[in-house]
Number of protein chains: 2
Amino acid sequence: MKSVRGGDAGRRRRRTTVAVKQSLRELRNQLSLLNHQVSARLTLKDVDLDCLELIARHGPLSPSTLARRAGLHPATMTGILDRLQKGGWIVRERNPDSADRRAIAVRAVRGRNAELFRLYSGMNTAMDELCDGYSEAELELIAEFLRRATEAGHTATADLAES
Amino acid sequence: MKSVRGGDAGRRRRRTTVAVKQSLRELRNQLSLLNHQVSARLTLKDVDLDCLELIARHGPLSPSTLARRAGLHPATMTGILDRLQKGGWIVRERNPDSADRRAIAVRAVRGRNAELFRLYSGMNTAMDELCDGYSEAELELIAEFLRRATEAGHTATADLAES
DNA sequence: TTCATATGATATGCTCCTCGTATTATCTGA
DNA sequence: TCAGATAATACGAGGAGCATATCATATGAA
């Protein structure tokens with residue numbers, strides 16, 4: 001709460017905050033465009049890659065959990081997983097000693113990552129170069145900001161979904 | 001180039017860089033999920049909202065230019081613009097004194113913004129509170145980082161699209 | 001236990017979207 | 001002047017998303 005009502009410093013601060021939010025929206029849009037190109041190369045849909053990332057990041061998940069997280073219909077998730085499985089990006093596993101024998105675990109296939117990595121290599125090296133221009137402390141500040149913004153996005157999405 | 005090969009500082013720095021990139025991917029994904037919820041509320045497709053943002057940000061554009069920017073087929077753009085126009089989010093205008101009389105200018109409708117703003121209000125206030133925790137200098141550092149990352153994404157996308 | 005109900009995953013069918021191609025109008029250059 | 005390129009859109013084929021149905025399994029109450 002450092003802004004001062006009506007003061008010059010407060011006005012400038014608000015402008016900067018707006019700039020941050022706008023840059024964030026534009027960045028999201030641009031990264032989605034990048035995702036779109038990568039998806040097209042793999043003959044996948046954009047949403048397929050989104051789900052693959054969720055699976056890779058948050059471990060083995062059930063289709064229904066995944067559908068809830070992605071805000072999609074369970075039947076839609078079946079189609080998405082079919083495409084990902086056909087492409088060899090994921091496997092569906094029945095866990096015999098699971099508490100619920102109806103449940104299925106979806107797991108990302110290691111070894112296909114190199115292929116993905118190659119498509120993202122342009123962005124990856126550009127980001128490495130960009131990060132090179134910042135100090136360690138600055139990078140940690142940025143990473144923390146990104147994490148908190150993600151958390152804010154998560155909350156906002158959940159609020160919107162359930163209301 | 002501040003990293004030192006093999007040194008402890010270099011290792012830590014690489015870890016932080018990786019953390020930044022990973023946070024960025026996760027943030028993109030989460031913000032796309034938010035976009036998905038907002039789109040659903042407006043009975044629009046995710047890509048419609050993406051295009052609307054491009055139109056609003058980069059002024060009046062022709063459908064073909066927009067299609068190229070979004071990496072979509074021109075015929076697909078016609079469908080997107082039909083939906084956006086039917087919803088009253090954009091207008092198609094023929095400019096009589098334009099150099100090219102085939103060209104059409106697509107313009108975002110002012111006045112619908114409040115509606116959009118309301119759907120994003122949760123995220124918006126959360127971002128305001130998040131930004132409140134940073135100094136003016138820190139915010140400017142973050143904004144600049146986001147802009148450069150966007151630029152990097154733009155280049156990487158273009159490279160991928162034309163190769 | 002026994003049964004009603006809920007839930008997980010998927011199959012089916014309908015609607016709508018995307019994209020290749022064709023069409024029409026217009027521009028550009030030889 | 002006219003052949004070819006380009007802008008926007010129409011049209012049709014193939015496919016995606018979702019509501020619903022289906023089947024197996026789980027859960028809770030009597």
Side-chain angles (χ1 to χ4, degrees), chain A residues 32-33 35-52 54-55 60-87 89-107 161, chain B residues 32-33 35-52 54-55 60-87 89-107 161:
Chain A
S32 289
L33 259 45
N35 233 35
H36 178 70
Q37 291 297 330
V38 173
S39 303
R41 292 305 188 90
L42 303 172
T43 52
L44 291 174
K45 302 290 155 191
D46 296 19
V47 68
D48 299 354
L49 221 48
D50 290 348
C51 291
L52 180 58
L54 285 178
I55 297 164
L61 287 169
S62 72
S64 49
T65 308
L66 206 43
R68 271 191 296 272
R69 286 222 193 189
L72 295 169
H73 194 280
T76 305
M77 189 54 65
T78 298
I80 293 172
L81 296 178
D82 284 350
R83 283 194 297 273
L84 286 174
Q85 189 171 32
K86 183 151 59 176
W89 297 99
I90 57 144
V91 288
R92 286 173 163 107
E93 315 184 311
R94 297 206 96 92
N95 195 338
D97 49 300
S98 162
D100 191 334
R101 282 192 301 168
R102 296 166 303 179
I104 282 195
V106 178
R107 182 188 307 276
Chain B
S32 289
L33 259 44
N35 233 35
H36 177 70
Q37 291 297 330
V38 172
S39 302
R41 292 305 187 90
L42 303 172
T43 53
L44 290 174
K45 303 290 156 191
D46 296 18
V47 68
D48 300 354
L49 220 50
D50 290 347
C51 291
L52 180 58
L54 285 177
I55 297 164
L61 287 169
S62 73
S64 49
T65 308
L66 205 43
R68 270 190 298 272
R69 287 223 193 189
L72 295 169
H73 195 281
T76 306
M77 190 52 66
T78 298
I80 292 172
L81 295 177
D82 284 351
R83 283 194 296 273
L84 285 173
Q85 188 171 34
K86 182 151 59 175
W89 296 100
I90 57 145
V91 288
R92 285 173 164 107
E93 315 184 312
R94 296 206 98 90
N95 195 339
D97 50 299
S98 162
D100 192 336
R101 283 191 302 167
R102 295 167 302 179
I104 284 198
V106 178
R107 182 188 305 277

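Naming convention: chains lettered A, B, ... in sequence-line order (proteins, then strands); numbering from 1 in each chain. Any value given below was found using the heavy atoms of this structure, including those in side chains, with hydrogens, waters and symmetry copies removed. Bear in mind that the values here come from a model prediction, so they are computed numbers and not experimental data.
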Interatomic distance where [atom1] belongs to [X] and [atom2] belongs to [N] [whole Å]:
{"X": "A/Asp100", "N": "C/dA6", "atom1": "CG", "atom2": "P", "result": "17 Å"}
{"X": "A/Leu81", "N": "C/dG8", "atom1": "CG", "atom2": "C1'", "result": "13 Å"}
{"X": "A/Ile90", "N": "C/dA9", "atom1": "CD1", "atom2": "P", "result": "12 Å"}
{"X": "B/Arg94", "N": "D/dT9", "atom1": "CZ", "atom2": "C1'", "result": "11 Å"}
{"X": "B/Met77", "N": "D/dA8", "atom1": "CE", "atom2": "P", "result": "11 Å"}
{"X": "A/Leu61", "N": "C/dA9", "atom1": "CG", "atom2": "C1'", "result": "15 Å"}

Subject >> B/S/- contact track for nucleotides 11-22 of chain C, protein heavy atom under 4.0 Å >> reply: B-----SSBBB-

Does [X] place a side-chain N or O at less than 4.0 Å from the phosphate oxygens OP1/OP2 of [N]?
{"X": "A/Ser64", "N": "C/dA9", "answer": "yes"}
{"X": "A/Arg92", "N": "C/dT10", "answer": "yes"}
{"X": "B/Arg101", "N": "C/dC27", "answer": "yes"}

Report yes if some heavy atom in the side chain of [X] is under 4.5 Å from a heavy atom in the side chain of [Y]; otherwise report no.
{"X": "A/Ile90", "Y": "A/Asp48", "answer": "no"}
{"X": "A/Asn35", "Y": "A/Asp46", "answer": "no"}
{"X": "B/Trp89", "Y": "B/Leu42", "answer": "yes"}
{"X": "B/Pro63", "Y": "B/Thr78", "answer": "no"}
{"X": "A/Ile104", "Y": "A/Arg94", "answer": "yes"}
{"X": "A/Arg92", "Y": "A/Asp82", "answer": "yes"}

**OP:** Would you indicate what A/Pro74 reaches in the nucleic acid, counting non-hydrogen atoms under 4.0 angstrom: base, sugar-phosphate, or nothing?
**Re:** base

